[in-house]
Amino acid sequence: MASKTATRHALRSRRQRRVRKKVTGTGERPRLAVYRSNNNISAQLIDDTKGVTLAAASTYEADVKSAGGSGTVAAAGTVGKVLAERAKAAGIEAVVFDRGGNRYHGRVAALADAARDGGLNF
């Protein structure tokens, strides 16, 4: 019998594969990829046609970490705001959201909402 952790991991992997087969970033509309660990969250804008990261932000950065901790919903909102500012500086206004197998809830939703409030369209 599978353990609870193995089942949870398998479900996350299935969600991630399902999302990634539908979502592809381009130069005009890059993919906003979110990675969430227990203690941190990071996001980057990726052009999949060239395989290049155009902008990134995470709670690993000192200025973001000092603004609101690292594993909180407030910190995820800060990461979304910072990423939106960096995207605007790079000339990016529209993105495709890749939640990376995570459910759209809590820190992932806070990051997405803050990025939208910062001016990104998705």
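- A side chain to side chain contact (heavy atoms under 4.5 Å, CB included) with L11 holds for exactly one of R15, H9, R8; it is R15.
- In this structure, the side chain of T53 does not engage the main chain of A55 through any donor-acceptor pair within 3.5 Å.
- Partners of E61 according to the salt bridge (Lys or Arg N to Asp or Glu O under 4.0 Å) rule, which considers only residues two or more places apart in sequence or in another chain, are R86.
- Shown here is K50, whose NZ atom has no more than 12 heavy atoms of other residues, nucleotides or ligands within 6.0 Å.
- Residues passing the salt bridge (Lys or Arg N to Asp or Glu O under 4.0 Å) test with R29, sequence neighbours excluded: none.
- Counting heavy atoms from C-beta on, the side chains of E28 and I92 never come closer than 4.5 Å.
- Side chain to side chain, D47 and T49 meet the donor-acceptor criterion of an N or O pair below 3.5 Å.
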Dump the intermediate steps for side-chain contact (heavy atoms from CB on, under 4.5 Å) on L45 and R31, then the final yes or no.
-> CA-CA 5 Å; L45 298 176; R31 176 170 55 100; over 6 Å; no
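- By the 4.5 Å heavy-atom criterion applied to side chains, I41 and L111 are counted as neighbours.
- Taking all atoms of both residues into account, the shortest heavy-atom contact from N40 to S70 is OD1-CB, 3.3 Å.
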For side-chain contact (heavy atoms from CB on, under 4.5 Å), just list the numbers for D98 and V19, CA-CA rounded to whole Å, side-chain angles, deciding distance to a tenth of an Å, and then say yes or no.
-> CA-CA 7 Å; D98 176 12; V19 169; 3.4 Å; yes
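- Closest of all the heavy-atom pairs between A76 and A110 is CB-CB, 4.3 Å.
- By the neighbour-count criterion of 12 heavy atoms within 6.0 Å, atom CZ of R103 is sparsely surrounded, having that number or fewer from other residues, nucleotides or ligands.
- Of all the heavy atoms in D48 and G25, the pair that sits closest is OD2-N, 2.9 Å.
- Shown here for R107 and N39, the closest heavy-atom pair between the two residues is NH1-C, 4.4 Å.
- Here the shortest heavy-atom pairing between A43 and L83 reads CB-CD2, 3.7 Å.
- Transitive grouping of hydrophobic side chains (ILVMFWY, heavy atoms separated by less than 4.5 Å) brings V82 and F97 into a common cluster.
- For the pair V108 and R36, the tightest heavy-atom approach, listed with the atom from each and the gap, is CG2-CD, 4.1 Å.
- Contact annotation: the side chain of V34 never approaches that of R99 to less than 4.5 Å [non-hydrogen atoms, C-beta and beyond].
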Could you list the donor-acceptor pairs under 3.5 angstrom formed by side chains in residues 115-122, with sequence neighbours left out?
unit_1	atom_1	unit_2	atom_2	d
R116	NH1	Y104	OH	3.1
R116	NH1	D113	OD1	3.1

